[in-house]
Amino acid sequence: MWTRKGGLLIFLGTFSIVMGLILSDFQLMILALVIFTFFLLVLVMPRPDIKVLRKTTNTTLFENDDLQVDLKIDKVQQGFGTVEIFDRIPEYAELQEGINHMIYNPQESQTMEYSLQFPVRGYYSVGPTFARISDHFNIFYHDQVVHEKEPIAIFPHVAGLNEFKFTSKKNIHYPGEFLTPQAGASTEFYHIRDYIKGDPFKKINWKVYARKRELMVNEYEKENICDSLVFLDARNNTNIGSVVKNTLEYNVKLALAVSNFLIMHRNQVGVVVYNDEIKVLPPKPGIRHQNEILRLLTGVYAKGWTDLNIALQYAKPFMRSKTTLILISNLEYDQTFLSSVEWLSAFGYRVIIISPSAIRFELNFSEYAGPLSKFDLFRLGRENFIRELRNLGASVIEYSPEDPIDEILELFSKEILR
Amino acid sequence: MESRSRWRYILRSTFKRRENWAFIPVVIMIIILILYSLYSVVITSPGRPQLSAYSDSWDDLSECRKGIKSQGFKISSIISTPSILSKFDTAEHKNMVYMAIGVERAYTDDEARDLWAFMSHGGNLIIADDFGFGNSLLDKPPNACPDIKDINFKAKQLFDTNYIKNPKFVTVRAVLNGNAYDLILNEPAALEVDRQYSSTLNIEPIAVTSENGWLDQDGNDVREANEMKGIYFVILSLRIREYGGKAIIISDPGLFINDNWQQLDNSKFIQHLLGSLLPDGGVVIFDESRHINHDTFENTRHVVYSGLVYFTSTVWSILLVVILIISFTIFIGVRLKVQPVWKNRNLLRARHFNILNYPYVSYQDYWQIYNTFLERVRLGYGFTPEEFKDLDEKTLYNLIDDRYLWDFITQSYTYYNGYFEIIIERISGWSPKMPEEHEHENVAPVAVEPLDDNDEIDDNNDNYDPLYYDDPNTGTYGQKDHEDFDYDPDRDRDLRRWR
């Protein structure tokens with residue numbers, strides 16, 4: 001490529017030729033000759049050549065982890081000119097230490113070091129590394145890729161759910177088990193209590209009776225085996241708020257936390273993500289499946305306008321009769337949402353809805369301090385909608401951007417237990 | 001060997017970069033230009049420059065130019081190509097004389113065509129040549145008169161017994177419009193006419209040699225037996241039928257040179273000749289492009305200017321030039337992109353909003369507020385949409401239990417600023433009336449009295465405002481209390497709105 005300086009000079013040379021011819025002026029012709037000779041000399045000057053080797057500490061990280069990048073630059077061919085090295089970094093990465101740009105001295109090998117932090121989950125790439133090789137006079141320059149890009153996966157943080165009490169109202173007998181400290185009808189002993197009139201005789205602990213002369217009955221843990229399907233709304237309207245604090249990021253973290261918890265308790269969890277397409281991970285147990293969910297949710301971006309009804313039709317083969325459906329959605333711009341929930345309730349599915357208030361997210365981000373009548377109008381409409389959903393038998397948990405993820409999950413667990 | 005590999009490396013590294021390809025045509029053009037100029041100087045015309053209208057040497061034409069100018073004619077010159085004459089308005093051609101004194105560079109087909117066209121429009125030609133390329137014009141006759149081909153410059157030196165000082169300075173007598181002029185020539189040639197009669201061409205001799213004229217065929221300056229004596233044409237006037245102009249063919253450019261200008265009647269003859277060609281005055285154009293300039297710079301200039309004239313002569317060539325210029329500009333524009341500045345990004349970009357662009361409600365939001373409120377009422381009391389639709393007016397009034405909101409959904413007003421904000425505030429504070437709760441808390445219902453069928457409303461005030469009052473007695477204005485309202489079941493209601 002030519003630089004602006006090069007363009008200016010060639011214009012000057014051409015202008016000198018033309019004016020020299022018109023004015024019959026030898027001096028202008030000589031000036032043009034000098035300029036073009038200079039150009040040709042610069043053109044044939046050999047340029048330096050380099051090779052670059054990049055090393056990164058890790059290619060899979062969690063949000064806000066540091067990534068150290070080292071680039072070692074060596075010369076291959078010495079020439080006349082300067083070399084700039086630039087390592088492209090992702091848009092949402094923040095430089096913590098060092099800098100991703102340097103002027104290379106072709107006389108010796110040098111190292112460029114910097115560290116990055118990724119505040120948002122996603123699949124990124126570091127690089128490619130560019131070298132801009134220009135002559136000493138900066139007349140021409142040439143950009144070339146000296147190292148290819150390197151993929152980096154940034155996983156979302158998994159919120160802890162130790163106190164999360166999640167139960168199924170209907171027992172399903174699966175190979176997996178779901179242990180909860182509730183009295184029920186499994187084979188695992190839970191505790192012993194006084195006999196109450198009506199307890200079956202076969203539950204009476206006769207050994208204790210012999211020892212204490214009181215009728216006591218054994219109680220066993222209740223088995224809550226749960227087959228769940230998490231529907232994550234990742235359509236275009238979820239892109240509300242700042243880059244770090246937006247409804248989609250919250251929804252992804254919640255979906256991950258819920259599915260992670262369920263899998264840790266040996267349940268089968270499926271995930272359905274719908275945006276411009278529908279991605280379905282069928283319900284499965286196990287750590288490997290947990291990793292698959294993690295990878296799926298890492299690459300979720302807000303796009304498209306697929307509605308819930310289509311997603312449900314698509315995921316129908318994976319929905320057993322007693323499956324618990326967890327819908328994580330903004331409850332906006334979906335005409336089919338209400339009818340879909342109505343349909344699910346009619347078929348006996350348990351529906352739990354987790355919904356962020358997109359208006360609050362927007363308000364929180366914009367820091368708007370004027371009259372809020374329109375915000376209030378939207379809020380009223382949303383309240384109506386949620387009330388309608390509750391009337392249909394769905395459990396709805398609302399949250400706003402001020403709420404930490406842990407608190408939202410606690411609200412969720414309370415809603416479930418209610 | 002080492003230097004060869006070095007050059008190979010330099011060339012390879014140079015042309016490996018595609019941006020340098022732009023220089024290839026430029027370099028080729030420069031090389032061609034220089035070679036052509038050198039060829040013109042060194043190969044084709046080894047000698048010193050002559051016959052220039054702007055030089056003062058003895059064999060140049062500056063005196064002639066000045067003499068013509070003093071006669072009142074405008075002087076102009078061509079340094080590119082005679083084709084440029086076609087650029088002038090054809091109506092102007094009859095006031096022009098084209099003078100090519102010494103044809104050292106041959107005429108191309110296009111140039112000859114344009115010159116004959118110039119003559120057809122009334123332009124006049126004076127072609128003076130001896131041993132040059134004058135025949136290159138006569139050999140390319142116009143379609144209207146192919147007979148011109150039979151007139152030739154005989155490129156042999158002409159001698160005569162009439163001369164001054166030296167046999168090479170031949171003198172001839174010219175007769176123009178009945179006036180006789182003695183002319184001195186400088187190593188002249190002769191004109192040969194092979195045709196006795198032509199239906200399209202009128203040939204009129206102006207100057208001829210004496211009967212003792214002869215052509216030196218072998219160039220030894222001595223008359224041999226085979227070199228016949230006779231009368232030879234020196235100056236001819238040609239007129240083509242239906243052509244407005246005239247062509248004067250002269251077999252010696254030495255007639256015009258500075259050294260001969262004041263000799264005998266040379267100047268008078270030339271001035272008389274031009275006076276007869278341009279009786280009303282006009283422009284005399286010296287063609288400098290026919291001379292080989294022994295100057296590389298001048299020759300380069302001639303090549304460039306000729307190219308400019310050539311490439312702007314026809315529509316197709318102009319189109320070609322325009323396409324080439326556009327292509328080159330695009331090429332340069334693409335290659336010469338602005339050097340991007342590499343920035344280190346460490347700021348996060350904000351995502352866009354898509355819900356609210358304007359945070360205020362207006363009358364355009366009326367129906368949204370209306371539906372939101374009725375939906376709130378319906379859900380508050382747990383009605384299905386069908387049940388809610390079947391409610392009668394009084395029941396709905398009792399359920400809503402708020403006169404402001406009731407008026408909002410049933411009556412239409414000219415809404416003032418801030419009205420909708422107040423309504424939304426009231427809707428936000430609205431909750432369904434629960435009789436059992438009131439009973440339990442022993443609190444009277446907040447609602448207005450339930451309506452009876454016999455209730456009548458007497459309110460015909462056109463300035464009725466549901467939320468504000470204007471008391472003429474006290475002169476106060478403000479928001480009404482709830483109790484200030486009287487229910488009017490018939491007034492301005494449009495219950496179809498909520499059905």
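Everything numeric here is computed off the predicted structure, so don't read it as measured data. So you know, we letter chains A, B, ... as the sequences are listed, proteins then strands, and number each from 1. Values below: every heavy atom of this structure, side chains too, minus hydrogens, waters and symmetry copies.
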Inset, instruction - Return the set of residues passing side-chain hydrogen bond (donor to acceptor under 3.5 Å, both in side chains) with A:Ser355 (not counting sequence neighbours), or none when no residue passes. - result: A:Arg382
Inset, instruction - Measure the CG-CD1 distance between A:Leu380 and B:Ile369 for me, rounded to the nearest 0.5 Å. - result: 9.5 Å
Legend entry - Atom pair OG1 (B:Thr384) and CG (A:Asn391), whose distance is rounded to the nearest 0.5 Å: 11.0 Å
Inset, instruction - Answer yes or no: are there more than 12 heavy-atom neighbours, outside A:Phe15 itself, under 6.0 Å from its atom CZ? - result: no
Inset, instruction - May I ask you to check whether over 12 heavy atoms, not counting those of A:Phe11, lie within 6.0 Å of atom CZ? - result: no
Inset, instruction - Before giving the answer on side-chain contact (heavy atoms from CB on, under 4.5 Å), spell out for B:Glu375 and A:Glu388 the whole-Å C-alpha distance, their side-chain angles and the decisive distance to 0.1 Å. - result: CA-CA 9 Å; B:Glu375 192 71 0; A:Glu388 185 92 14; 3.5 Å; yes
Legend entry - Over 12 non-hydrogen atoms of neighbours within 6.0 angstrom of CD in A:Gln144: yes
Inset, instruction - Mind checking the CZ-CD1 spacing from A:Phe375 to B:Ile424? Nearest 0.5 Å is all I need. - result: 12.0 Å
Inset, instruction - Would you give the length of the straight line joining atom CG of A:Asn384 to atom CZ of B:Phe373, rounded to the nearest 0.5 angstrom? - result: 10.5 Å
Inset, instruction - In plain terms, say whether A:Lys374 and B:Glu421 are close enough for a salt bridge, that is, a side-chain N and a carboxylate O under 4.0 Å apart. - result: no
Legend entry - Atom group of A:Gln117 that falls short of 4.5 Å from chain B, counting heavy atoms: neither
Legend entry - Heavy-atom neighbours of B:Glu425 CD exceed 12 at 6.0 Å: no
Legend entry - A:Arg379 side, atom CZ; B:Thr372 side, atom OG1 - distance, nearest 0.5 Å: 11.0 Å
